[in-house]
Amino acid sequence: DAGVTQSPTHLIKTRGQHVTLRCSPISGHKSVSWYQQVLGQGPQFIFQYYEKEERGRGNFPDRFSARQFPNYSSELNVNALLLGDSALYLCASSLDTGPTKQYFGPGTRLTVT
Amino acid sequence: QKEVEQNSGPLSVPEGAIASLNCTYSDRGSQSFFWYRQYSGKSPELIMFIYSNGDKEDGRFTAQLNKASQYVSLLIRDSQPSDSATYLCAGKRSNSGYALNFGKGTSLLVTP
């Protein structure tokens with residue numbers, strides 16, 4: 001089975017622009033979570049979706065939004081990009097509710113100039 | 001205070017030795033814990049998870065959880081140079097959906 005996939009791999013944007021990142025979970029997984037990892041830090045939770053509903057939101061501004069589609073893939077949108085948004089954006093897939101394991105995709109490296 | 005604390009290292013061990021990675025957490029609501037390995041420029045890879053007090057072994061890896069002391073550890077036996085990476089500890093509350101709280105990670109260097 002294919003693992004978690006993310007696109008694009010790398011992205012360079014200018015301050016003030018908007019970006020959309022995409023994620024496809026492992027087949028059969030219904031939950032997708034998004035994390036931001038700044039260099040030298042651990043991943044920080046942004047959003048979690050399960051069965052197309054938002055189930056959790058981290059401490060990020062409203063410029064960050066996400067959604068999950070009927071096929072369980074997901075998009076993360078960031079508006080009005082700031083230099084501080086430069087990071088590795090990780091998507092994690094998990095099966096369902098409970099203390100289940102999350103599997104990360106390869107990430108999207110976003111650079112804001 | 002960050003919810004999950006790790007010593008950033010680097011922790012240097014010789015090849016064949018036991019590497020001991022430690023993590024403390026402040027949120028007593030955290031019920032399950034995960035260890036991820038992250039190579040430079042790559043995404044985190046799940047190594048082990050544990051949610052019961054005591055030890056859990058998987059090959060060369062042993063995870064230990066002590067909820068009374070709010071302490072989690074990962075032991076790597078017979079360390080290999082390929083184990084050189086950053087090890088991330090993460091905790092999850094039972095009522096938080098799937099949000100993982102990560103520490104900053106500990107950099108491990110296994111020298112030949």
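Residue numbering restarts at 1 for every chain, and letters A, B, ... go by the order of the sequence lines.
- Residue Leu39(A) qualifies as open at atom CG: its count of foreign heavy atoms under 6.0 Å is 12 or below.
- Contact annotation: the side chain of Leu46(B) approaches that of Tyr103(A) to within less than 4.5 Å [non-hydrogen atoms, C-beta and beyond].
- Of the possible donor and acceptor atoms, one in the side chain of Tyr35(A) sits under 3.5 Å from a partner among the backbone N and O of Leu100(B).
- Taking every heavy atom of both residues into account, Leu88(A) and Lys42(B) meet most closely at CD2-O, 4.2 Å.
- In this structure, the side chains of Tyr36(B) and Gln102(A) come closer than 4.5 Å at one or more pairs of heavy atoms.
- With values rounded to the nearest 0.5 angstrom, Lys101(A) atom NZ is found 10.0 Å from Met48(B) atom CE.
- The hydrophobic cluster containing Ile47(B) also contains Ile50(B), counting ILVMFWY residues as joined when their side-chain heavy atoms lie under 4.5 angstrom apart, directly or transitively.
- When heavy atoms are compared at a cutoff of 4.5 Å, Gln44(A) does not approach chain B at all.
- The backbone N or O of Gly107(A) lies less than 3.5 Å from no partner atom in the side chain of Ser43(B), so there is not a single donor-acceptor pair.
- For Gln6(B), no part lies under 4.5 angstrom from a heavy atom of chain A.
- Grouping the Ile, Leu, Val, Met, Phe, Trp and Tyr side chains by contacts below 4.5 angstrom, directly or via other members, places Leu75(B) apart from Phe61(B).
- More than 12 heavy atoms of other shown residues, nucleotides or ligands fall within 6.0 angstrom of atom CG in Asn71(A).
- Tracing side-chain contacts under 4.5 Å through hydrophobic residues (I, L, V, M, F, W, Y), one never reaches Tyr49(A) starting from Tyr72(A); they form parts of separate clusters.
- Taking a 6.0 Å sphere around CD1 of Ile12(A), one finds it holds 12 or fewer heavy atoms contributed by other residues, nucleotides or ligands.
- The environment of CZ in Arg60(B) is crowded: more than 12 heavy-atom neighbours from other residues, nucleotides or ligands sit within 6.0 Å.
- When every heavy atom of Leu88(B) is checked against every heavy atom of Gly42(A), the shortest pair comes out as CD2-CA, 4.0 Å.
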